[in-house]
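Written out below as structure tokens is the structure these notes cover.
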Amino acid sequence: LFTKASAPDTTAPVITVLGNNPAFSNVDVPYVDAGATALDDIDGDLTSAIVTVNPVVIDEVGTYFVTYSVADVAGNMAMATRTVTVRVPSSDASLSALSTDFGILSPVFASSTFAYGVVVLFDATTTPITSATTTHTGATRVITPATDITSEDIMDRTTTIAVTAEDGVAESTYMVTFTRASEPDT
């Protein structure tokens with residue numbers, strides 16, 4: 001009885017690094033690695049066999065390399081790396097863009113200017129929507145929209161944009177005040 005010999009397994013497993021790569025962590029904040037998966041064309045799922053070396057030191061600013069390695073039954077090796085940068089969190093609490101869906105900001109937007117005005121039509125009944133983008137991606141912003149303008153009053157309405165830096169300490173507040181235009185002459 002003859003059997004056909006199978007070709008030797010020479011294909012390495014494939015490691016997929018999960019999550020962000022590169023990854024960033026703030027100094028003194030625990031770094032939790034997202035891990036990796038490993039699949040082999042013969043042996044299947046080898047994720048549980050991955051050996052992870054994670055040298056990240058959370059209290060030292062720097063760049064670290066987390067490595068994942070695995071071998072299949074035939075001894076074919078695979079390795080993948082994630083770059084992790086431990087950094088001091090940004091104290092930038094500025095905006096890079098500020099706009100409304102109606103009207104023109106006055107003065108023209110500049111990240112170091114915190115108060116703006118917009119004139120709306122005399123017969124407007126809603127306050128324009130304000131959009132804002134933080135300069136640093138780690139900063140957060142909360143937009144508190146102005147209440148809608150009503151036909152019974154001529155009061156100004158103000159939208160505030162509170163920006164908190166990635167460090168959680170630095171803050172800035174931008175304001176956009178909407179003023180109804182004068183009543184047209186009849």
Positive for side chain to side chain contact (heavy atoms under 4.5 Å, CB included) with Thr127, one of Val118, Val176, Thr158, Asp148: Asp148

Qualifying residue for side chain to side chain contact (heavy atoms under 4.5 Å, CB included) with Thr160, from Thr130, Val142, Thr144, Ile143: Thr144

Evaluation steps, side-chain hydrogen bond (donor to acceptor under 3.5 Å, both in side chains), between Thr52 and Asn54: CA-CA 6 Å; Thr52 302; Asn54 182 348; over 6 Å; no

Thr159 side chain to Ala146 backbone, donor-acceptor under 3.5 Å: yes

Neighbour count above 12 (heavy atom, 6.0 Å) for Ile104 CD1: no

Over 12 foreign heavy atoms within 6.0 Å of CG, Leu121: yes

Tyr116 vs Thr100, side chain to side chain contact (heavy atoms under 4.5 Å, CB included): CA-CA, chis, key distance, verdict: CA-CA 11 Å; Tyr116 297 89; Thr100 65; over 6 Å; no

Minimum side-chain heavy-atom gap Val163-Ile161 below 4.5 Å: yes

Between the side chains of [X] and [Y], is a donor N or O closer than 3.5 angstrom to an acceptor N or O?
X      : Y      : answer
Ser94  : Thr135 : yes
Thr47  : Asp45  : yes
Thr179 : Asp156 : yes

Distance in Å, Glu166 CD paired with Thr137 OG1, rounded so as to fall on 0.5 Å steps: 7.0 Å

Candidate pair Asp33 and Tyr68, rule side-chain hydrogen bond (donor to acceptor under 3.5 Å, both in side chains), full reasoning: CA-CA 11 Å; Asp33 191 70; Tyr68 311 92; 2.5 Å; yes

Lys NZ or Arg CZ of Arg157 over Phe178 ring: under 6.0 Å, within 45°: no

Audit row: Glu171, Arg141, salt bridge (Lys or Arg N to Asp or Glu O under 4.0 Å) steps and yes/no: CA-CA 10 Å; Glu171 296 178 336; Arg141 56 120 176 97; over 6 Å; no

